[in-house]
Amino acid sequence: PQTPASHTHSYLPLSGGTLSGDVDINSGNLFIDSGRNLYLDGGSNTYIKESSSDVIIFATGGTTALTLDSSQNATFAGALTVDGASTLTGNVTFGGTVSFPTPTTIQANGGTITGGNLRTSNSGGATTVVSHASSTGSGISWGGANQFYLYAGGEKQVTIANTGVTFEENATFAGDVSLAATKKLYL
């Protein structure tokens with residue numbers, strides 16, 4: 001039977017077409033083939049996609065910004081900014097510069113922080129302190145004039161600079177202390 005000419009239908013063709021309005025999926029799933037993009041900005045360059053088996057990429061500006069792999073590893077292509085308190089568990093690898101605003105507390109609660117170089121900005125004469133979380137007042141700090149300091153009990157104990165080492169209190173050495181033949185020891 002033919003539908004009368006006055007009768008209209010709103011439907012999406014099985015191939016191609018454009019849908020306007022909301023799509024509600026009340027039960028079931030939405031399936032997208034691997035390698036296909038789910039566009040978020042009208043179909044140009046912001047999308048989510050399974051790039052290979054169990055690897056999801058998030059792209060902005062047509063470039064991959066974040067990759068999540070099947071081991072739940074996240075790889076960020078650009079800068080990562082974290083506001084507020086954050087807890088990182090497992091291994092965290094940084095391939096570039098890590099910057100912390102002043103003041104920042106970084107704790108390795110039962111873990112280890114390992115890096116090739118630990119650098120901080122010393123703008124405005126600020127001193128950066130790395131301390132053991134359960135030992136208030138002990139740690140390492142560095143400031144201006146190419147110096148860094150060792151603290152214990154909340155007091156500076158040792159100053160190390162490009163001009164030498166200064167002990168603020170008594171020092172005890174468990175092993176030998178050696179001086180080059182050209183150096184002098186003043187008592």
Exercise for the section: Could you tell me the separation between the OG1 atom of T75 and the CG atom of L66, rounded to the nearest 0.5 Å? Expected result: 8.0 Å
Handout entry: Atom pair CD1 (I56) and OG (S34), whose distance is rounded to the nearest 0.5 Å
Key = 10.0 Å
Practice task
To the nearest 0.5 angstrom, please state how far the CZ atom of F58 sits from the OG1 atom of T46.
Solution key: 12.5 Å
Handout entry: Flag, side chain of D24 to backbone of N26, donor-acceptor distance under 3.5 Å
Key = no
Exercise for the section: Is it possible for you to say whether V55 and I48 belong to one hydrophobic cluster, with membership spreading through side-chain heavy-atom contacts below 4.5 Å? Expected result: no
Handout entry: Separation between NZ of K49 and CG of N37, rounded to the nearest 0.5 Å
Key = 4.5 Å
Handout entry: CG on L38 to CD on E50, rounded to 0.5 Å
Key = 12.5 Å
Fill in the blank from the handout: Interatomic distance, CG@L68 vs CZ@F76, rounded to 0.5 Å, equals 7.5 Å
Handout entry: Apart from I57 itself, residues in the same hydrophobic cluster as defined by side-chain heavy atoms under 4.5 Å
Key = Y39, Y47
Distance-only donor-acceptor hits, side chain of residues 171-187, under 3.5 Å, sequence neighbours excluded:
none

